Protein chains: 2
Amino acid sequence: MLKSNGRRNTKQRQAVLAAVRELGNHPTAEQVYEVVRKQLPGTSISTVYRNLGILSEQGMLRTVTGLGREVHYDHNTGVHSHVKCSSCGRICDVMLRREDMPRLTEEWLCGYILEGISINFIGKCPECAEREEIR
Amino acid sequence: MLKSNGRRNTKQRQAVLAAVRELGNHPTAEQVYEVVRKQLPGTSISTVYRNLGILSEQGMLRTVTGLGREVHYDHNTGVHSHVKCSSCGRICDVMLRREDMPRLTEEWLCGYILEGISINFIGKCPECAEREEIR
DNA sequence: TAATATATTAGGAATAGTTCCTATTACTGA
DNA sequence: TCAGTAATAGGAACTATTCCTAATATATTA
């Protein structure tokens, strides 16, 4: 819970979390902002960024980086990867399990103590593949 | 070769490629710029960016994204991954081979036609791990 | 070697995404 | 209900990168 960390439960924070969950498909900060503004018109983009950061820090959201310039936010905080369409940018979950992850030897990691693995796929989504083939 | 694509072989372009090779450890555009300026003081940062782009396009360099906000450039264009230190930012090659890659089923990929996989590791390099433990 | 066509350049403006700053507001616990 | 302080709006600042334009340099051709 937020309060245990000295955080307050403001309506802006609630709206940001709700927007990420409602949008579902890995929205960017800008997309969250659009939705939040409908409910709380006065909300500023910096408030959205601040709350996305705090909610991620508290483990209520997950940040998804490495899929382009923008950071995406995911309400699904479990272990999984993503595939992004190189045409339309749509992002889809890839349910890699631990045993499907690459097997690593210590020597490959140059002595680094591993903290995280990020696996991103890029491809063409079915819709874009079809549309682009027709032309 | 560059010329077969209507490209010219300018001294700035040569210097950019040489700098990436010389630096070795996955430099950013800014780091390449620093080195190039020593040899060709008048060179502008936009020339560095343009040439990094062209050289990557020609397959003479590889761009490494997903390790942070900046793009890194790699003179090693073969198949491999990277591990980045969460403290000092140092990047090291990880020699994952194809058979160590995750095995994917079509269903996981939501029907996307796969174009690329990017696997990034984050960790603590031996030096940072030791230094931070002492304190 | 000289002339020509055009790819490339320097320099700076512009852009996108994000973070930072400050005075004001509004939660929360007492 | 009040005090303490986390959070806010609004905008400035920042960072990495791309875009623009007139001038320059390279490669081809004569």
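As the structure is a prediction and not an experimental result, all values here were calculated from the model. Residue numbers start from 1 in every chain, and the chains themselves are labelled A, B, ... in the order their sequence lines are given, proteins ahead of strands. Values reported hereafter were calculated over all heavy atoms of this structure, with side chains retained and with hydrogens, waters and symmetry mates removed.
Within the 3.5 Å criterion, the main-chain N or O of A:R8 finds a donor-acceptor partner in the side chain of A:R13. Between the side chain of A:K84 and the backbone N or O of A:I91, no donor-acceptor pair lies under 3.5 Å.
In this structure, B:I54 atom CD1 and C:dT9 atom C1' are separated by 11 Å, rounded to whole Å. Distance, B:E30 CD to D:dT17 P: 9 Å, rounded to whole Å. Between the P atom of D:dA9 and the CZ atom of A:R37 lies a distance of 12 Å, rounded to the nearest Å. A straight line from CG of A:N9 to C1' of D:dT8 spans 15 Å, rounded to a whole angstrom. Atom-to-atom, OH of B:Y33 to C1' of C:dT9 comes out at 13 Å; the value is rounded to the nearest Å. Atom CG in B:L52 sits about 12 Å away from atom C1' in D:dT17, given to the nearest Å. Separating the CD atom of B:Q14 from the P atom of D:dT26 is a distance of 9 Å, rounded to the nearest angstrom. Straight-line distance from the CD atom of B:E57 to the P atom of C:dT8: 10 Å, rounded to whole Å.
In this structure, B:D93 and A:C110 approach most closely via the heavy-atom pair O-SG, 3.5 Å. When all heavy atoms of B:F121 and B:S81 are compared, the pair lying nearest together is CE1-CB, 4.0 Å. Annotation for B:V36 and B:A15: closest pair CG2-O, 3.7 Å, computed over non-hydrogen atoms. B:L114 and B:L104 make their closest contact through CD2-CD1, 4.0 Å (heavy atoms, listed as atom of the first residue, atom of the second, distance). Between B:S86 and A:E115, the shortest heavy-atom distance links the atoms OG-OE1, 2.8 Å.
Each of B:H26, B:H80, B:H75, B:H72 was scored for a side chain to side chain contact (heavy atoms under 4.5 Å, CB included) with B:R62, with one residue passing: B:H80.
Of the candidates C:dT8, C:dA10, C:dT28, the closest approach to any side-chain atom of A:R8 belongs to C:dT28. Out of C:dC20, D:dT8, C:dT8, the shortest distance to the side chain of A:S46 is found at C:dC20. Listed nucleotides: D:dA7, D:dT26, D:dG10. Nearest to the side chain of B:T10: D:dT26. The side chain of A:T47 has D:dA9 as its nearest neighbour among D:dA9, D:dT26, C:dT9.
Taking a 4.0 Å limit (strictly below) on heavy-atom distances, residues 62-73 of chain B reaches DNA chain C at B:R69.
Side-chain nitrogen and oxygen atoms of B:Y49 include none within less than 4.0 Å of the OP1 or OP2 phosphate oxygen of D:dT18. For C:dT9, neither phosphate oxygen OP1 nor OP2 lies less than 4.0 angstrom from any side-chain nitrogen or oxygen of B:K11.
Put simply, the side chain of B:R50 and the base of C:dT9 share no donor and acceptor less than 3.5 Å apart.
End-to-end axis angle for the helix from C:dT1-D:dA30 to C:dA30-D:dT1, using five pairs per end and rounding to 10°, comes out at 40°.
Every residue two or more places apart in sequence or in another chain that forms a side-chain contact (heavy atoms from CB on, under 4.5 Å) with A:I113 is listed here: B:K124, B:A129.
Mapping A:N51 and B:A29 onto DNA chain D by nearest heavy atom places A:N51 at the nucleotide closer to the 5' end.
Using a 3.5 Å distance cut-off with no hydrogens or angles, the side chains of A:H82 and A:D74 do pair a donor with an acceptor.
Within the nucleic acid shown, A:Q12 comes within 4.0 Å of sugar-phosphate atoms alone, with no base atom in reach, counting heavy atoms only.
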